[in-house]
Engineer: 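Starting off with a structure, shown below.
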Amino acid sequence: MSGYGQFCAVARALDVLGQRWTMLIVRELLLGATTFTDIRRGLPRIPRATLSARLRGLRAAAVVEFVDGEYRLTAAGFALSPVVRELARWAMDTDSAALSDDHLDTAALTWDIQRRIDTEALPGHTVVLAIEFTDRAAPDRDFWLHLSRTGVNLCRDDTGAPIDLWLTAPTAAVTRWWLGHLTWPQLLRDPAVDVHGDKALQRQMHRWFLRYTFTPDTFAEGATG
């Protein structure tokens, strides 16, 4: 027997969703991923075989469907949105899931950044932002964001395009800012953080980033809404 073998609804839900990575795959699909590659970019540490197995299990449970070459959540899958949100709230509110160095992943962080850009706030021309994580070795040290109102591209190799802005910082500092633990001014006051390049773009760049989906401010707004 692969499941818990209990009538309890919680146990039956965990029979479907309780394996490692499963709920994170659901999270990626909720955030807009539709392809195997996009899911893996959001979960860079998941083995390909494991992702394939979990997707098969979710399809068998009618949580995910594969239509026209894309993975999509079914109604049952979309119904997990408040579950994902409450898991995030729990992690924010309890020391049992406190952020540690083991949670720091520059590939996952930059992928989340690129999908949470407010393209309407960008200038009328393409901006290239180079990000250097000073505490990481190659290939997890350098990333380039090509930002325009028509789309955002994340590159792990320098394409040779002129760079407009540079952000140089430790991974923990950028992660804490992204999660909402630090404001942009607080991030910049960190002596280990440096932003340089076009002065006019520096003054406006903080408005480009929507930041993490589940910041503390997000939950606070929901409580007062």
Engineer: With sequence neighbours excluded, tell me which residues meet side chain to side chain donor-acceptor pair (under 3.5 Å) with E132.
Structural biologist: R141
Engineer: Any ion pair linking R207 and E120 (charged N to carboxylate O, less than 4.0 Å)?
Structural biologist: no
Engineer: Can you tell me if D118 has over 12 outside heavy atoms packed within less than 6.0 Å of its CG?
Structural biologist: yes
Engineer: Consider side chain to side chain contact (heavy atoms under 4.5 Å, CB included). Of T50, L51, L43, which one does P47 pass it with?
Structural biologist: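 Filter result, single survivor: T50.
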Engineer: Could you tell me whether the side chains of S148 and T150 share a donor-acceptor contact shorter than 3.5 Å?
Structural biologist: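 A donor-acceptor contact under 3.5 Å links the two side chains.
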Engineer: Do the side chain of E86 and the main chain of V83 share a donor and acceptor less than 3.5 angstrom apart?
Structural biologist: no
Engineer: Are V64 and L31 grouped together when hydrophobic residues (ILVMFWY) are joined by side-chain heavy atoms under 4.5 angstrom apart?
Structural biologist: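 No, no single cluster joins them.
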Engineer: Side chain to side chain contact (heavy atoms under 4.5 Å, CB included) for I46 and I25? Distances and angles first, verdict last.
Structural biologist: CA-CA 10 Å; I46 190 172; I25 294 169; 4.3 Å; yes
Engineer: Counting only N and O atoms by type, is there a donor-acceptor contact under 3.5 Å from the side chain of R116 to the main-chain atoms of R211?
Structural biologist: yes
Engineer: Any idea how F214 and F219 line up, ring-wise: parallel (<30°), tilted (30 to 60°), or perpendicular (>60°)?
Structural biologist: parallel
Engineer: Is the backbone of G3 close enough, under 3.5 Å, to the side chain of D15 for a donor and an acceptor to pair up by distance?
Structural biologist: no
Engineer: For a quick check under 3.5 Å, do H196 and D194 share a side-chain donor-acceptor pair by atom type?
Structural biologist: yes
Engineer: So, for D198 and L165, which heavy atoms are closest and what is the spacing to 0.1 Å?
Structural biologist: O-CD2, 3.6 Å
Engineer: Would you find a donor on one side and an acceptor on the other, under 3.5 Å apart, between the side chain of T110 and the backbone of T106?
Structural biologist: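 Indeed, once roles are kept as given, a pair shorter than 3.5 Å links the two residues.
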Engineer: Please answer whether the main-chain N or O of W90 pairs with a side-chain N or O of T94 as donor and acceptor at a distance below 3.5 Å.
Structural biologist: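 No, T94 side chain to W90 backbone: no donor-acceptor pair under 3.5 Å.
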Engineer: Between R149 and L122 (side chain of the first, backbone of the second, donor and acceptor by atom type, cut-off under 3.5 Å), is there such a pair?
Structural biologist: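 Checked: pair present.
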Engineer: Is the closest basic N to carboxylate O distance between D140 and R156 below 4.0 Å?
Structural biologist: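 Judged by the 4.0 Å cut-off on N to carboxylate O distance, D140 and R156 do form a salt bridge.
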Engineer: Report the C-alpha distance between D105 and R45 in whole Å, list the side-chain angles of each, state the deciding distance to 0.1 Å, and finish with yes or no for salt bridge (charged side-chain N to carboxylate O under 4.0 Å, His left out).
Structural biologist: CA-CA 9 Å; D105 185 328; R45 299 184 185 183; 3.0 Å; yes
Engineer: Knowing that exactly one of R54, R115, R41 qualifies, which makes a salt bridge (Lys or Arg N to Asp or Glu O under 4.0 Å) with E28?
Structural biologist: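 The passing option is R115.
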